[in-house]
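To start, the structure itself, in structure tokens.
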Number of protein chains: 2
Amino acid sequence: MANAPAATQALAVLKLLAEQAAPVPAATIARALELPRSTVYHLLAVLQGEGFVAHLPEERRYGLGVAAFELGFAYSRQQPLRWIAQVVLARLVDASTHNGHFAVLHGTDVLYLIEERAPGRASLVTDVGVRLPAPLTASGLAMLAALPAQQVAALFPSRRALVRRHDAGPGTLTELRRSLAAVRRDGYAHEDGSVTPGFASVASAVLDHVGHPVAAVALTFPTAEVDAEARSTLAAQAGRAAARISRQIRGRPAGAA
Amino acid sequence: MANAPAATQALAVLKLLAEQAAPVPAATIARALELPRSTVYHLLAVLQGEGFVAHLPEERRYGLGVAAFELGFAYSRQQPLRWIAQVVLARLVDASTHNGHFAVLHGTDVLYLIEERAPGRASLVTDVGVRLPAPLTASGLAMLAALPAQQVAALFPSRRALVRRHDAGPGTLTELRRSLAAVRRDGYAHEDGSVTPGFASVASAVLDHVGHPVAAVALTFPTAEVDAEARSTLAAQAGRAAARISRQIRGRPAGAA
DNA sequence: ACCCACTGTCTCAGATCCGAGACACAAGCG
DNA sequence: CGCTTGTGTCTCGGATCTGAGACAGTGGGT
């Protein structure tokens with residue numbers, strides 16, 4: 001297969017810029033990607049010409065451009081799953097009065113595609129576009145629990161693949177399997193403070209026609225506000241929303257994710 | 001300046017895919033971009049390798065991949081303006097109980113960066129990522145009204161630059177200028193059914209430290225539900241939200257958009 | 001005002017890529 | 001089952017690019 005270094009390099013520049021919290025100087029890009037300065041300026045000129053990169057002359061820095069934003073939205077728009085989920089999630093959030101999320105599994109991570117905020121509540125760390133280790137999240141646990149054991153083993157071949165945060169989350173594969181068994185027993189997944197201290201989530205997986213988890217629906221709430229009974233109610237609501245989306249996607253061709 | 005056809009072509013493929021409502025066959029890409037089939041397969045392989053494109057073998061089609069999505073989110077995340085606006089817009093929506101939007105001017109279009117949905121209300125056509133002709137929208141009119149007349153003339157050199165929809169929106173430059181004068185007189189912009197029949201919006205521009213419009217805040221409501229007095233109240237609320245964001249961005253370096 | 005480090009532009013030849021077209025495989029239709 | 005159309009892979013040489021390094025300009029520090 002022939003190579004296309006210019007294309008590969010241009011995409012690498014975009015990915016690097018996407019990893020930055022703010023626009024950066026061209027020299028930073030050259031250093032990080034180990035590319036000649038002339039090559040970087042050349043690539044930036046092409047990316048700028050197509051709108052993917054914006055040059056900030058006053059700051060002498062480069063950041064992502066509007067074309068990058070539209071690309072991201074276009075991905076979202078191409079997902080029939082997202083449109084179905086948007087409506088169902090809006091209803092769930094209105095009914096439960098808690099923030100709701102819709103996420104997909106991507107490797108060992110969860111990627112949040114939709115966040116619906118309930119009135120009077122702030123957005124959380126699980127904003128759209130955020131990626132978190134699946135075992136730390138209710139959504140991730142819900143999806144992993146619906147996978148065959150071999151697939152889970154493939155994703156997490158050793159304890160090295162596990163990430164802990166706020167001293168939370170499974171530390172061994174045995175703990176992970178135990179968590180997943182509990183999810184299957186309870187019928188829903190939950191996490192307490194693993195993602196944001198003081199907040200908990202409940203989640204259910206959205207299954208396709210062959211029972212494969214394609215996404216998850218979650219509700220997030222302040223731990224202190226919701227007792228065990230209320231939590232079960234929220235879990236049931238999330239479960240019904242996930243089931244509704246599952247029914248609606250059956251009969252549709254499998255989408256990318 | 002040297003050229004980088006492979007980089008340019010790869011970006012063209014991404015843009016084409018972003019314009020599609022669903023994944024497409026490779027032949028469609030080759031035809032649309034007038035590229036050799038081997039070149040297209042080659043570019044798709046590179047884009048796929050970097051995660052920007054996903055191949056759907058069962059459908060024999062190609063669509064955008066997760067890296068495209070993350071790119072779009074990364075753009076959003078790099079905008080300090082967006083984070084400030086997110087909080088202010090959430091409060092505005094909670095207080096007004098109507099859907100709110102946050103948009104920027106991009107050429108002669110408005111580009112929606114944030115949508116905050118009020119409980120019990122459906123998302124509208126002005127979803128995140130959507131781009132609409134500025135003169136048709138309250139947000140667009142608010143920003144255009146805050147621009148110097150020469151800049152408006154540069155953006156709209158002739159009536160050819162004007163777009164009508166649902167038989168709405170200014171049809172001549174004179175009408176446009178008249179609309180903008182009304183916005184300046186009233187202190188807020190509004191549209192009735194230009195974007196979505198049965199819905200109206202009010203909007204105010206967010207101004208930077210030199211008085212340049214960098215964004216707009218809008219509230220959208222069903223026309224039948226809101227009388228003239230209530231509309232003024234919503235306009236005032238949107239105006240205060242925009243002013244609050246304006247105050248918060250002063251003292252910060254100008255961001256990209 | 002001067003100096004230094006950095007930004008941004010430009011050239012051109014050795015190195016490397018791009019794409020025409022052949023080939024194998026797959027899907028759909030009669 | 002056979003045929004047609006479309007998908008996807010692969011080769012290689014004429015055409016073209018990549019990037020070292022020179023140069024000019026800019027901004028910040030002293």
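Throughout, protein chains are lettered first and strands after them, A, B, ... in sequence-line order, and every chain is numbered starting at 1. Every heavy atom of this structure was used, including side-chain atoms; hydrogens, water molecules and symmetry mates were not.
Counting to the nearest Å, the P atom of dT11(C) and the NE2 atom of H42(A) are 13 Å from each other. Atom pair E58(B):CD and dG28(C):P shows a separation of 13 Å (rounding to whole Å applied). The distance from atom CD of E59(A) to atom P of dT7(C) is 14 Å, rounded to the nearest whole Å. The nearest whole Å value for the distance from the CG atom in L43(B) to the C1' atom in dC17(C) is 12 Å. Here the C1' atom of nucleotide dC6(C) and the NE2 atom of H55(A) are 12 Å apart, to the nearest Å. Rounded to an integer number of Å, the gap from CD of Q9(B) to P of dC17(D) is 10 Å.
Rounded to 10°, the angle separating the first-five-pair axis and the last-five-pair axis of the helix from dA1(C)-dT30(D) to dG30(C)-dC1(D) equals 60°.
Side-chain contact between V130(A) and L132(A) is present, with heavy atoms from C-beta onward closer than 4.5 Å. P25(B) places a side-chain heavy atom less than 4.5 Å from the side chain of R61(B). The shortest distance between side-chain heavy atoms of L113(A) and V128(A) does not fall below 4.5 Å.
We find the CG-CZ distance between L173(B) and R160(B) to be 11.0 Å, quoted to the nearest 0.5 Å. The distance from atom CZ of R159(B) to atom CZ of R164(B), rounded to the nearest 0.5 Å, is 9.5 Å. Note: L147(A) CG to L180(A) CG = 9.0 Å, rounded to the nearest 0.5 Å.
Residues forming a side chain to side chain contact (heavy atoms under 4.5 Å, CB included) with A85(B) (at least two apart in sequence, or on another chain): F102(B), I114(B), I245(B). Scanning for side chain to side chain contact (heavy atoms under 4.5 Å, CB included) contacts around E50(B) gives T8(A), L11(A), K15(A), F52(B), with sequence neighbours left out. Partners of F73(A) according to the ring-ring contact (aromatic ring centres under 6.0 Å, His included) rule, which considers only residues two or more places apart in sequence or in another chain, do not exist here.
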*Sugar-phosphate means primed atoms, P, OP1 and OP2; the rest is base. With that split, encode nucleotides 21-30 of chain D 5' to 3' as B, S or - using protein heavy atoms under 4.0 Å.*
BB---SS---
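Using cut-offs of 30° and 60° on the angle between ring planes, the pair Y62(B) and H55(B) is parallel.
D208(B) and R247(B) are not joined by a salt bridge, as no carboxylate oxygen comes within less than 4.0 angstrom of a charged side-chain nitrogen.
Look at Y41(A) and you won't find any side-chain N or O under 4.0 angstrom from OP1 or OP2 of dT9(C).
Residues from residues 25-35 of chain A placing a heavy atom under 4.0 Å of any atom in DNA chain C, listed by number, are P25(A), A27(A).
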